[in-house]
Number of protein chains: 2
Amino acid sequence: MDRPDETGGGTGPTRGREATRARILASAKELFTNEGYGSVSSRKIAAHAGVNVALINRYFGAKRGLLTELLREDGVYPGLIVDGPHDQLTRRLAEHAVSRLHGEGTALQRALDDSAGDPDLRSVYQGRITSAMIEPLAAYLGGPEQRAHALLLASVLLGIARVRLVEGAGALCEMERETIIRRVQELLELCLKDFEDGDAA
Amino acid sequence: MDRPDETGGGTGPTRGREATRARILASAKELFTNEGYGSVSSRKIAAHAGVNVALINRYFGAKRGLLTELLREDGVYPGLIVDGPHDQLTRRLAEHAVSRLHGEGTALQRALDDSAGDPDLRSVYQGRITSAMIEPLAAYLGGPEQRAHALLLASVLLGIARVRLVEGAGALCEMERETIIRRVQELLELCLKDFEDGDAA
DNA sequence: TTGACAAGTCAACACTGTTTACATATACCT
DNA sequence: AGGTATATGTAAACAGTGTTGACTTGTCAA
């Protein structure tokens, strides 16, 4: 009943396992990239990979497991933006947000951004936002208000991502790029201000 | 083949029509409120309303038509926040956003907020954000940069709404309410600054 | 050779939203 | 009145979906 852990201890893993796993994952990646998560069915992925449908669930538990794995492997949402000097954090984040606003990044990133609202993926993205965005930011920031600061940063960043999906949001893209980056950076810096200051503008 | 426009010119409409329409809509409202859009099937709504499933599509075109109608009737997203003095707009918006952050508002509002990501509802919410949020804001603000300003405001507001769905976002709710309102208000005011000012902090 | 077990297959299950063809009742008009 | 067009309601199916369980095949070890 209990399976010996995956590939056991031999030199090469049981040949089929990792090979099929990889083929399924590659197909999912390609199809999700081109058509989005919700528009691609399990059967379509299986057919594209030349494997049986049931194997998706065997190897990834469920359809959403494919996306979880893609997020994990590719590190689609880079936590690496926190790497770098502290005093340039907001600049880095602003550049990142604006580049996303322009629909830059890999096709997969774009596709997964667009699929982020799917109910089936809710828990996946929820966990991902927490573990790959808010928590690293909070840790990077430090201080007693780190979590609140990180959440405010996330609000602005996620909000910008969301507005991109709205028709007519191109108005922001048509502006001078440096202008909008600078404004976003100002917003992010305001997010980080200590909360003790009572003097609102 | 071509139907005379609905109820023709008579005094009272054909009795069944509006009655069943109303019953379906009431059932949808109740079920969406308690279980969310995605978790409630057409058949469940029909059964709850005591009508045939096909009537949902007859009267509302499709399932999403029910939600469109609910949004329209209830005015779930109030455009009325723009009513009031100009110099208090950001305060009103900030209070609104923070109250949403605390999960206040009607149960239906909360439920629909949570269902906003559903792919089936994407076009509905997209149109609604544009027509009930960005455009009224832009018109209210005026000026050559009205659209960019409105989009930035929307980013912050939508971002806050989004962060609410994340576990551990309670950190913002645990703070003094007035403090967070004030910070959000500062963010919104920064969104409205002219873009000509080149002096970033 | 004989097991044991992993890998792969097939067909079904329980759903979903939606549509089509049909039955029924209502209202109007001659 | 009768007859008919039309609005309203019904039943059943369609074409999908994700997922599961029972079965067959293949491969390696004792």
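Since this is a predicted model, take the numbers as computed values, not measurements. Residue numbering restarts at 1 for every chain, and letters A, B, ... go by the order of the sequence lines.
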What integer distance in Å separates [X]:[atom1] from [N]:[atom2]?
| X | N | atom1 | atom2 | answer |
| --- | --- | --- | --- | --- |
| B/Arg58 | C/dT18 | CZ | P | 15 Å |
| B/Arg21 | D/dG9 | CZ | P | 12 Å |
| B/Tyr59 | C/dT19 | OH | P | 16 Å |
| B/Glu18 | D/dG9 | CD | P | 12 Å |
| B/Asn52 | C/dT20 | CG | C1' | 13 Å |
| A/Arg64 | D/dT17 | CZ | P | 17 Å |
| B/Leu55 | C/dT19 | CG | P | 14 Å |
| B/Asn57 | D/dA13 | CG | C1' | 14 Å |

With no angle test and no hydrogens, is the base of D/dG18 tied to the side chain of A/Arg43 by a donor-acceptor pair under 3.5 Å?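 Side chain to base: pair present.
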Check: C/dT26 base within 3.5 Å donor-acceptor of B/Arg17 side chain: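 Such a pair does not exist between side chain and base.
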Starting from the 5' end of DNA chain D, give me the residue, A/Gly38 or B/Gly50, whose nearest nucleotide shows up first.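 Final value for this comparison: B/Gly50.
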Any donor-acceptor pair under 3.5 Å linking the side chain of B/His149 with the backbone of B/Ala138?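 Answer holds: no.
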For the side chain of [X], starting at C-beta, report the closest nucleotide among [options].
| X | options | value |
| --- | --- | --- |
| B/Lys63 | D/dT8, C/dG17, C/dG8 | C/dG17 |
| A/Thr20 | D/dA13, D/dG18, C/dG8 | C/dG8 |
| A/Ala54 | D/dT20, D/dG18, C/dT18 | D/dT20 |

Are A/Thr130 and B/Glu167 close enough, and set up right, to give a side chain to side chain donor-acceptor pair (under 3.5 Å), and what steps lead you there? CA-CA 7 Å; A/Thr130 302; B/Glu167 270 184 286; 5.6 Å; no
Over 60° means perpendicular and under 30° means parallel, so classify the ring planes of A/Tyr37 and A/Phe32, tilted if in between.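 Plane angle between 30° and 60°, so tilted.
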I'd like to know if B/Glu95 and B/Arg91 make a salt bridge, using a cut-off of under 4.0 Å between side-chain N and carboxylate O.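 So B/Glu95 pairs with B/Arg91 through a salt bridge.
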Can you tell whether the side chains of A/Asp120 and A/Lys63 come within less than 4.0 Å, N to carboxylate O?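 No.
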